Protein chains: 2
Amino acid sequence: MGKTEARDIFFNYIKEKGLRYTKQREAILGAFLASGKHITIDDLYTAVKKTNQDIGYATVHRNLKLMTECGLADEIKIGSHKARFEQKYGHEHHDHLICMKCGRFIEVHDEKIEKLQGKLAEANDFVPMRHKLEIYGMCKKCR
Amino acid sequence: MGKTEARDIFFNYIKEKGLRYTKQREAILGAFLASGKHITIDDLYTAVKKTNQDIGYATVHRNLKLMTECGLADEIKIGSHKARFEQKYGHEHHDHLICMKCGRFIEVHDEKIEKLQGKLAEANDFVPMRHKLEIYGMCKKCR
DNA sequence: CTAATATTGATAACTATTATCAATATAACA
DNA sequence: TGTTATATTGATAATAGTTATCAATATTAG
Ligand SMILES: [Mn+2]
Ligand SMILES: [Mn+2]
Ligand SMILES: [Zn+2]
Ligand SMILES: [Zn+2]
């Protein structure tokens, strides 16, 4: 479901920029597409290592940035924690409820809020391009 | 307008924790209350230095954290930039429109959005405690 | 005034990210 | 299929921001 298209997007982006499609890129892309939500660079590095033990951390880092540039990945920074990435291609936009106790991320979406954000920006002569809404609190399990 | 009360809050917090009220604390508090919006630790450090040239960076940092703990300051992290602080006591809650070109912060508030956020949390069995809404885009001046 | 201990300022340590660079891999093209 | 220009890699250094360490000093209760 979308893996081939995702690969095409990455491959085409690489080619358009005059870059080269390497075994490492293929491996990193594959591991990313197989990954769960909100992974860190370390998570992906560990995952890729399983099939490609000679991979370097910097290579994973660089390619995660490339995947972000071409729209396959989305970078999210929470509090003082390290950067996390989630799949973007084929995934709807959403915001996050973040549990302050267990760290769980709950993905949410509210079209009314999205619309009001647009109006709010407009009222301030501001052209919105992207936004981040994070609600911190306590999840069901943690109380 | 509120400066004395703000000082009381800090002083009482210090005392309650069995800490000591020092010249440095007084100077840092004063500089913070006189500061503008969204300052960095460096900004405050520079400001305090003017009247207290022997102050150390670590001392400013530590006390900014204390002021945050007792509710006088609010820490905001934008993108990959360094931490910024704004006055919280006597200031209403607000969110930010952030210009991606000039870096300007526009402070906004929308009660309807706030209410919908509460509902959204509730619908997910989540108890919200604080939230962060940042809309990135282009401000009026920058286009 | 004394004593216990919190604070300070300099700086080291730490964390995460990004840059550097020589060796190697890729891909266009002869 | 070679040749060649150059993009990529992996190790590691550098950087940026934050936080910890520690000896000297300041504060405060008694
Ligand atoms: Mn998500
Ligand atoms: Mn603000
Ligand atoms: Zn939880
Ligand atoms: Zn602007």
Side-chain angles (χ1 to χ4, degrees), chain A residues 10-32 38-70 73-85 103, chain B residues 10-32 38-70 73-85 103:
Chain A
F10 192 44
F11 188 85
N12 290 336
Y13 183 73
I14 292 295
K15 289 300 166 184
E16 277 164 25
K17 291 198 75 172
L19 305 180
R20 295 168 183 178
Y21 201 73
T22 64
K23 296 185 213 325
Q24 288 89 341
R25 291 209 157 117
E26 173 71 17
I28 292 166
L29 173 70
F32 177 66
H38 318 127
I39 61 167
T40 62
I41 300 175
D42 284 290
D43 292 340
L44 188 56
Y45 176 57
T46 302
V48 181
K49 272 238 159 184
K50 287 177 186 164
T51 58
N52 201 324
Q53 39 276 125
D54 292 335
I55 201 93
Y57 178 91
T59 301
V60 174
H61 171 270
R62 281 183 295 239
N63 282 287
L64 206 29
K65 292 287 179 182
L66 281 176
M67 291 191 279
T68 302
E69 280 174 35
C70 72
D74 211 10
E75 183 172 350
I76 48 188
K77 296 217 178 195
I78 299 297
S80 59
H81 296 62
K82 60 181 76 169
R84 288 178 177 276
F85 296 81
Chain B
F10 192 43
F11 188 85
N12 291 336
Y13 183 73
I14 292 295
K15 289 300 168 185
E16 277 165 24
K17 292 197 74 172
L19 306 181
R20 295 168 184 179
Y21 202 72
T22 64
K23 296 183 211 329
Q24 287 91 339
R25 290 209 159 118
E26 173 70 16
I28 292 166
L29 173 69
F32 177 65
H38 317 126
I39 61 167
T40 62
I41 300 175
D42 284 289
D43 292 338
L44 188 57
Y45 176 56
T46 302
V48 181
K49 271 238 159 183
K50 286 176 186 164
T51 58
N52 201 325
Q53 38 275 126
D54 293 335
I55 200 93
Y57 178 90
T59 301
V60 174
H61 171 270
R62 279 183 296 237
N63 282 289
L64 206 30
K65 292 287 178 184
L66 280 176
M67 291 190 280
T68 302
E69 281 174 35
C70 71
D74 212 10
E75 183 173 350
I76 48 187
K77 296 217 178 195
I78 299 297
S80 60
H81 298 61
K82 61 181 73 169
R84 287 178 177 277
F85 295 81

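Computed from a predicted structure; not experimentally measured. A note on names: the letters A, B, ... follow the listed sequences, proteins ahead of strands, and every chain is numbered from 1.
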So do [Y] and [X] actually touch side chain to side chain, heavy atoms under 4.5 Å?
X	Y	result
B:Lys82	B:Lys77	no
A:Asn12	A:Glu16	yes
B:Asn63	B:Phe32	no
B:Tyr45	B:Ile28	no
A:Leu44	A:Val48	yes

Quiz prompt | For the student: nearest non-hydrogen atoms of A:Tyr21 and A:Glu26, plus distance | solution = OH-OE1, 2.7 Å
Exercise. Quick one: closest heavy-atom pair of A:Thr59 and A:Gln24, and the distance?
Key: CG2-CB, 4.1 Å
Close N or O pairs between protein and nucleotides 6-8 of chain C (under 3.5 Å):
{"residue": "C:dA6", "atom": "O4'", "partner": "B:Arg20", "partner atom": "NE", "Å": "3.3"}
{"residue": "C:dA6", "atom": "O4'", "partner": "B:Arg20", "partner atom": "NH1", "Å": "3.4"}
{"residue": "C:dT7", "atom": "OP1", "partner": "B:Arg20", "partner atom": "N", "Å": "3.2"}
{"residue": "C:dT7", "atom": "OP1", "partner": "B:Arg25", "partner atom": "NH1", "Å": "2.5"}
{"residue": "C:dT7", "atom": "OP1", "partner": "B:Arg25", "partner atom": "NH2", "Å": "3.2"}
{"residue": "C:dT8", "atom": "OP1", "partner": "B:Thr22", "partner atom": "OG1", "Å": "2.7"}
{"residue": "C:dT8", "atom": "O3'", "partner": "B:Gln24", "partner atom": "NE2", "Å": "3.1"}

For [X] and [N], what is the distance between atoms [atom1] and [atom2] respectively, to the nearest whole Å?
X	N	atom1	atom2	value
A:Lys82	C:dT18	NZ	P	13 Å
A:His61	C:dA16	NE2	P	13 Å
A:Lys15	C:dT26	NZ	P	11 Å
A:Asp43	C:dA16	CG	P	12 Å
A:Leu64	C:dT18	CG	P	11 Å
A:Tyr57	D:dA13	OH	P	17 Å

Quiz item: Between B:Lys65 and A:Ala58, who's closer to the 5' end of DNA chain D by nearest nucleotide?
Solution: A:Ala58
Quiz item: Is a salt bridge present between B:Lys49 and B:Asp54, judged by a nitrogen-to-oxygen distance below 4.0 Å?
Solution: no
Quiz item: Would one find a side-chain N or O of A:Lys17 under 4.0 angstrom from OP1 or OP2 of D:dA7?
Solution: no
Practice problem: Give, ordered by number, those residues of residues 44-53 of chain B having at least one heavy-atom distance below 4.0 Å to an atom of DNA chain C; if nothing qualifies, reply none. | Solution: none
Quiz item: Do A:Asp43 and A:Thr46 have side-chain atoms, one donor and one acceptor, less than 3.5 Å apart?
Solution: no
